[in-house]
Structures are given as structure tokens and as C-alpha cells.
Amino acid sequence: MDIGIDKIGVYVPKNYIDIVELARARNVDPNKFTIGIGQDKQAVPQPYEDAVTMAANSADSILTAEDKQALGLLIVGTESSIDESKSSAAFLMDLLDLPEDIRSFEIKQACYGATAGLQTAVDFVSQNPDKKALVIASDIARYGIKTPGEVTQGAGSVAMIVSQNPRVLKLTRKSVYMTRNVGDFWRPTFSKTAFARGKFSNEVYVDFFNTLWKKYQEKYSATIDDFSTLLFHIPYTKMGTKALRTLEGKIPDTKYAELTEHYQASIKFSREVGNLYTGSLYLGLLSYLTNAAQSNEELLLFSYGSGAVGELYSGEIQAGFDTIIDQNSILKMLDNRQKMSIADYEKMYQIEYQNGTIVDPQAVNSKFYLSEIKENERLYKKLK
Ligand code: HMG
């Protein structure tokens with residue numbers, strides 16, 4: 001049975017900051033941020049946006065009534081969870097008007113969460129072929145103002161429906177993975193911002209990619225000629241570039257040029273949005289599908305979550321995928337955002353809603369939003 005991604009949609013906040021302006025405000029040469037880090041814009045969520053609201057927005061962009069009836073599994077991958085007990089998935093039941101006979105939960109393993117969700121969904125559909133699974137990646141990447149990680153922040157959500165006879169990406173079920181206890185990036189429960197050993201995290205990421213690529217070749221007698229495109233987890237776009245460069249000189253120049261050209265198409269959206277943590281790899285997939293992909297292409301996808309888990313797996317783009325993805329709406333959503341000044345971004349960064357907050361719906365710019373915090377419970381609404 002063929003199983004994989006049948007639909008994929010994205011949500012990004014309506015506000016962004018310009019990376020050149022951020023560089024100037026931090027007294028950094030803008031080339032360091034645009035070339036050295038590889039970013040142009042960074043999505044800035046409003047205080048009434050969080051992992052739940054962004055997940056609802058991305059899922060809402062792809063779900064039909066028919067999909068909802070067929071759902072048997074709902075998984076939210078996030079490391080920006082809003083509750084230590086209740087999963088983000090439970091909040092989505094009302095917001096998205098989902099039927100009750102669904103197994104649902106949240107997965108956390110840094111940026112690997114959505115991939116864990118995707119592979120779990122594939123197993124679920126193989127056992128329940130008439131059912132569909134909804135996997136959502138939703139995160140706000142925060143390192144703090146004036147930190148080295150600030151330029152690698154961002155926010156957004158990617159939603160995917162997994163089913164049999166997928167119309168976007170068939171997963172080949174060829175996959176290699178690894179886990180190592182690594183202190184490259186962490187966020188203790190008391191902290192809103194992450195801590196990272198930045199340079200070390202880069203080394204671990206590249207090492208995981210090289211180790212997994214070797215494993216993949218051995219396990220499946222694969223060569224680079226089996227693939228036309230490599231997609232990477234891209235917390236910032238230079239990161240994937242670094243991993244890709246490790247292949248230079250080890251594979252034919254023409255293949256390296258092809259992979260590099262396709263990689264450029266896969267990072268277009270990330271340059272505009274920034275870090276989605278666990279959604280980053282899937283924003284790259286969507287960028288590639290929107291900007292360059294061809295039917296029947298074989299892709300290799302590298303997922304990495306600090307701490308650290310890595311997985312390298314393959315998929316095949318399905319004929320007619322471009323009729324399933326709502327390319328115009330995605331491009332419009334990116335184009336219609338509003339720029340924020342660095343001063344306004346800094347002010348908004350400090351806002352943290354407390355118990356008793358009531359949000360004025362007139363001031364809201366996202367369909368799903370945090371409406372109130374009552375008895376320390378976060379309550380959500382959909383704009384009428
Ligand atoms: P930094 O110290 O500000 O930057 O930290 P740098 O000095 O390393 O410079 C960055 C690059 O800019 C370098 O290029 C410089 O040469 C270049 P590279 O050597 O990397 O190729 N550069 C310039 N280029 C052009 N013109 C100039 C110029 N000046 C310098 N004038 C760092 C950067 C990414 C480490 C920091 O932002 C950080 O700590 N970020 C957070 C950690 C992170 O994103 N790590 C990624 C790997 S781990 C991961 O992917 C997991 C993660 O997604 C979390 C999760 O799993 O949940 C993050």
C-alpha cells in the first residue's frame with residue numbers, strides 16, 4: 001500500500017522584521033545575516049498567537065469536511081507547548097470542529113517532533129488503511145533579544161494529512177535514524193527562550209547528516225544518483241548549505257550542481273520566514289514543491305532535532321501534486337505580511353499575557369487566536 005503526504009499547508013504570522021534592519025540595530029554587517037546566516041525576513045508572532053493558534057490556522061487551510069470524517073489520528077509536534085499536561089491537539093478539537101473518535105497527542109523532541117509524528121502516522125495508516133492522520137508542526141523559535149541566536153528566530157506551522165494513495169509525496173518507507181545524548185540546545189521548563197551551544201550544534205547537525213547518509217547508503221545500497229533533491233532541516237538556511245557542502249568533491253560535479261540548484265528552491269520560504277523549529281524541514285518541502293519540483297522526483301529528507309535525534313528518509317513526488325497544493329494562497333500569504341520596525345518588535349517581545357487577560361478581537365489579525373486567560377487556562381476562539 002502506498003502511504004504518504006496527501007495534503008500539506010502552512011501558516012505564518014502576518015508580521016515580520018527585515019533582517020538587514022535587525023543587523024543594523026545590532027551593529028552587525030548585514031552581509032553576515034543575509035549571506036553568513038542566509039536569512040532575509042523573520043516572522044514575528046503576535047502575543048495572542050502560540051503553538052495552538054498557528055496549528056489551527058495551518059490545519060484549517062487544508063482540511064475539508066470529508067478529511068475530518070476520515071481522521072483517526074491527530075499529532076502535534078512542538079517544542080513551544082503552552083501546557084505541561086494538556087496536549088495542543090486537544091485544543092484543536094473544538095477549533096477545527098473535529099469528530100471525537102480520534103487518537104490525539106503532542107510530541108516533543110526539539111525539531112524532530114513533526115518527523116516522529118509523520119512516521120507514526122504512516123504506521124497508523126498502514127494498520128487503518130481507510131483512515132487519515134493529521135500531523136502538525138507548530139513552533140515559535142525564541143532565543144532572546146541581542147543574543148547570537150536572535151537572527152535564527154521565526155514562527156509558523158505546517159500541517160500534513162497522511163493517507164493511503166497520497167497525492168503529494170509517497171514515503172518509500174526507507175529510513176535510517178539515530179539518537180545521541182547531546183547538549184547542543186535546550187529550553188528548561190522555566191524559560192521562554194532557548195539556550196544553545198551554537199557552533200557545537202552546527203557540528204553535531206552536520207555529523208548526524210554524514211553519519212545517516214552513510215547508513216542509508218549501506219542499508220539500501222543507495223547512491224546519490226538515486227535522488228535529484230536533498231531537503232534539510234533549516235533553522236536558518238546556511239545550516240543546510242553547510243551539510244550539503246560536505247558532499248562537494250565526493251559526488252560528481254553535475255550532481256552537486258543539481259542538488260545545489262534544487263536546494264536553493266527549497267530555502268526560498270525559509271529565507272522569508274525564519275525558523276519554524278520542527279516545521280522547518282516541511283516548510284522547505286513546501287518551498288520546493290511550490291517553486292521547482294517535478295512529478296516522480298525522488299527526494300531525500302534530513303530531519304534533525306537537538307538533543308539529539310536525526311532521521312534520513314526518502315519520498316517520491318506524485319504526479320499531479322501541483323494541483324493539490326494551493327500555491328497561490330501560500331504566495332499571497334507571504335506577500336501580504338506587514339513589516340514591523342525593530343523597536344516595535346522589541347516592545348512586543350516583552351509582552352507576556354497573564355491570568356485575566358482578555359484579547360480584543362478587533363485587534364486580531366489571525367483567524368484563530370488566544371482570546372482569554374481565565375483561572376490560568378488559555379481559551380481560544382476563531383474570528384467570525
Ligand atoms: P554567530 O557566532 O553569531 O555567527 O552564531 P558566526 O560568527 O559563526 O558567523 C555565522 C556565519 O556568518 C559564518 O559563516 C561567518 O563566516 C559568516 P560559516 O562559517 O558558518 O559558513 N559571516 C559573514 N558572512 C558574510 N559577510 C560577513 C560575515 N560575518 C560573518 N560580514 C549561530 C551563529 C548560528 C551559531 C547562532 O545564530 C546560534 O547560536 N543559533 C542557534 C543555534 C542553531 O540554530 N543551530 C543550528 C544547528 S542545531 C539545530 O538545527 C537544532 C535547532 O533547530 C533546535 C531544535 O532542534 O529544536 C536549532
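Atoms within a ligand are numbered from 1 in the order they appear, just like the ligands themselves. For clarity, every value in this text was computed on a predicted model and none was experimentally measured.
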Salt bridge (Lys or Arg N to Asp or Glu O under 4.0 Å) assessment of Glu79 paired with Arg187: CA-CA 9 Å; Glu79 55 181 299; Arg187 183 170 71 80; 5.7 Å; no
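Given atom 38 (C) of ligand 1, the protein heavy atom at minimum distance is Gly149 CA, 3.9 Å. Scanning all protein heavy atoms for the shortest distance to atom 2 (O) of ligand 1 gives Lys199 NZ, 3.2 Å. With hydrogens left out, the protein atom closest to atom 25 (C) of ligand 1 is Asn31 O, 3.4 Å, a heavy atom. From the protein, the heavy atom lying nearest to atom 39 (O) of ligand 1 is Gly198 CA, 3.3 Å. At the shortest separation from atom 58 (C) of ligand 1 among protein heavy atoms lies Tyr143 OH, 3.4 Å. From the protein, the heavy atom lying nearest to atom 57 (O) of ligand 1 is Glu79 OE2, 2.5 Å. Distance from atom 12 (O) of ligand 1 to its nearest protein heavy atom, with residue and atom name: Gly36 CA, 3.1 Å. Nearest protein neighbour of atom 33 (C) of ligand 1, counting heavy atoms only, is Ile37 CD1, 3.9 Å.
From Ile19, atom CD1 reaches atom OG1 of Thr152 across 9.5 Å, with rounding to the nearest 0.5 Å. For the atom pair CG of Leu244 and CG of Leu231, the computed distance is 10.5 Å after rounding to the nearest 0.5 Å.
The ligand atoms of ligand 1 that sit less than 4.0 angstrom from a heavy atom of Lys242 are 18 (P), 19 (O), 20 (O), 21 (O). Within the listing of ligand 1, atoms 42 (C), 43 (C), 45 (N), 46 (C), 47 (C), 48 (S) sit less than 4.0 angstrom from a heavy atom of Ser201. Ligand-side atoms of ligand 1 in range of Gly305: 56 (O), range being under 4.0 angstrom from any heavy atom. Listed by number with element, the atoms of ligand 1 under 4.0 Å from a non-hydrogen atom of Lys238 are 14 (O), 18 (P), 21 (O). In summary, the atoms of ligand 1 found under 4.0 Å from a heavy atom of Tyr205, numbered by their order in the structure, are 50 (O). Taking a cut-off of under 4.0 Å to the non-hydrogen atoms of Met239, the atoms of ligand 1 that pass are 46 (C), 47 (C). Near Pro235, with a cut-off below 4.0 Å to any heavy atom, the atoms of ligand 1 are 46 (C), 50 (O), 53 (O).
Side chain of Lys68 to backbone of Thr64: no donor-acceptor contact under 3.5 angstrom is found. Distance alone, capped at 3.5 Å, is enough to place a donor-acceptor pair between the Thr78 side chain and the Ser138 backbone.
Checking atom 55 (C) of ligand 1 against the protein gives a heavy-atom contact under 4.0 Å. There is no protein heavy atom closer than 4.0 angstrom to atom 16 (O) of ligand 1.
The shortest N or O to N or O distance between Val151 and ligand 1 is not below 3.5 Å. Close N/O approach between Asp29 and ligand 1 is found [any backbone or side-chain N/O within under 3.5 Å]. Between Arg245 and ligand 1, a contact under 3.5 Å exists for no N or O pair.
By the 4.0 Å N-to-carboxylate-O rule, Lys347 lies close enough to Asp344 to be salt-bridged with it.
Considering each of Tyr236, Phe232, Tyr304, Phe200, the one bringing a non-hydrogen atom nearest atom 44 (O) of ligand 1 is Tyr236. Nearest residue to atom 36 (C) of ligand 1 from Ala243, Pro148, Ser80, Gly113 is Pro148 (criterion: closest heavy atom). Atom 6 (P) of ligand 1 has its nearest heavy-atom neighbour, among Gln109, His233, Lys32, in Lys32.
The closest side-chain donor-acceptor pair between Glu311 and Thr115, if any, does not fall under 3.5 angstrom. Side-chain N/O atoms of Glu372 and Tyr48 include no donor and acceptor closer than 3.5 Å.
Atom NZ of Lys14 sits in a crowded spot, with more than 12 heavy atoms from other residues, nucleotides or ligands closer than 6.0 Å. By the 6.0 Å contact criterion, CG on Asp360 is enclosed, its count of non-hydrogen atoms from other residues, nucleotides or ligands being greater than 12.
Cation-pi geometry between Lys382 and Phe368 is not met: the NZ or CZ atom fails to fall both under 6.0 Å from the ring centre and inside 45° of the normal.
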